[in-house]
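Okay, so here's the structure we're looking at.
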Amino acid sequence: MFKSFWGSQEQQAQPLAQEIPPTNSWYPPSVLSSPSSSHPTTPSSSSSSSFNLQRPADHPQSPSHVSPSEAAGIIVLLKNKSVDELRKLLSDKDAYHQFLLSLDQVKIQNNLRDELRKETLQLARENLEKEPRIMELQNQCRIIRTTELAAAQEKLHELERQKEETLKFYSPASLLHRLQEAMNKTDDESETLHRQLFEGEIDIGAFVPKYKKLRNTYHKQALTHLAAKTSLNG
């Protein structure tokens with residue numbers, strides 16, 4: 001579609017473009033000295049796919065990601081410019097910059113950048129507003145760790161100690177041991193009562209009920225001890 005237009009304008013644009021002094025352009029010397037970029041012409045039918053405005057020499061070149069439709073839109077914008085305007089784009093860095101900012105693709109990217117910047121600033125402000133509350137909570141946590149937490153841990157350790165003592169006191173082995181001690185004590189008391197009878201320290205009338213009660217208690221304890229021990233061993 002643009003072949004006839006560029007074919008008719010190429011011969012007119014070349015002499016005018018050759019008048020541009022290479023030293024006045026901010027493009028790289030290799031761009032200005034090459035046959036295909038020494039004048040602000042657009043490519044002919046043999047080079048229509050290689051037309052691009054070059055970036056300044058002090059910026060690293062990056063791979064092009066421009067879609068064909070976007071490139072066609074840029075070509076339309078350049079096609080409508082006069083030779084003087086194209087010459088100015090080549091020699092004037094500010095003019096090139098203004099043209100670049102006028103592109104829709106650049107506007108979209110700039111708008112996205114501005115939105116992200118605003119959102120980032122808003123998040124930063126919100127974080128700064130929360131900083132006093134965060135400091136207050138940190139101080140509260142520090143107080144809890146040094147006072148309330150220490151007291152709670154001490155109480156927890158005491159409860160754990162009591163728990164261990166209770167479990168140990170009511171363990172099967174401890175119960176058997178205490179039952180054995182009770183049997184031994186009852187047996188000793190009955191033997192002492194029997195000795196008192198032989199030594200005449202107590203009469204037979206008082207001896208019989210006390211001795212009977214002690215021996216009944218002893219046998220109950222002995223049977224209980226035997227049953228518990230059998231149950232544990234079984």
State plainly whether the residues [X] and [Y] are in salt-bridge range, i.e. N to O under 4.0 Å.
X: E158; Y: R161; answer: yes
X: E199; Y: R195; answer: yes
X: D92; Y: R87; answer: no

Looking only at heavy atoms, what is the nearest atom pair of [X] and [Y], with distance?
X: T186; Y: L214; value: CG2-O, 3.1 Å
X: T147; Y: I143; value: OG1-O, 2.5 Å
X: F99; Y: L89; value: CB-CD2, 3.7 Å
X: Y218; Y: D187; value: CE1-CB, 3.7 Å
X: I202; Y: L193; value: CD1-CD1, 3.7 Å

- Message: Assess, by modelled atom type and distance only, whether the side chains of E181 and H177 contain a donor and an acceptor separated by less than 3.5 Å.
- Response: yes
- Query: With a 3.5 Å cut-off and no angle check, do the side chains of N111 and E115 form a donor-acceptor pair?
  - Reply: no
- Between H225 and Q221, does a side-chain contact (heavy atoms from CB on, under 4.5 Å) hold up when you go through it step by step? CA-CA 6 Å; H225 183 273; Q221 292 172 344; over 6 Å; no
- Task: Could you tell me whether the side chain of Y96 reaches within less than 4.5 Å of the side chain of K88, counting heavy atoms only?
- Result: no
If I take atom [atom1] from residue [X] and atom [atom2] from residue [Y], how far apart are they, to the nearest 0.5 angstrom?
X: E164; Y: T166; atom1: CD; atom2: OG1; answer: 9.5 Å
X: L175; Y: T224; atom1: CG; atom2: OG1; answer: 11.5 Å
X: H194; Y: R215; atom1: NE2; atom2: CZ; answer: 10.0 Å
X: K163; Y: K168; atom1: NZ; atom2: NZ; answer: 16.0 Å

- Message: Given 3.5 Å as the limit, does a donor-acceptor pair link the side chain of S174 with the main chain of S171, or not?
- Response: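 The answer is no, because no donor-acceptor pair under 3.5 Å joins these two groups.
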- Evaluate whether atom CD of Q162 has more than 12 neighbouring non-hydrogen atoms of other residues, nucleotides or ligands under 6.0 angstrom away.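 Yes.
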- Message: If the condition is side-chain contact (heavy atoms from CB on, under 4.5 Å), which residues does L116 pass it with, not counting sequence neighbours?
- Response: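 Testing L116 for side-chain contact (heavy atoms from CB on, under 4.5 Å), a comparison that skips the adjacent residues, returns E119.
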- Message: Is there a side chain to side chain donor-acceptor pair (under 3.5 Å) between Q180 and N184? Walk through the geometry before answering.
- Response: CA-CA 6 Å; Q180 183 65 51; N184 295 336; 3.2 Å; yes
- Query: Who pairs with R133 by salt bridge (charged side-chain N to carboxylate O under 4.0 Å, His left out), at least two apart in sequence or on another chain?
  - Reply: E136
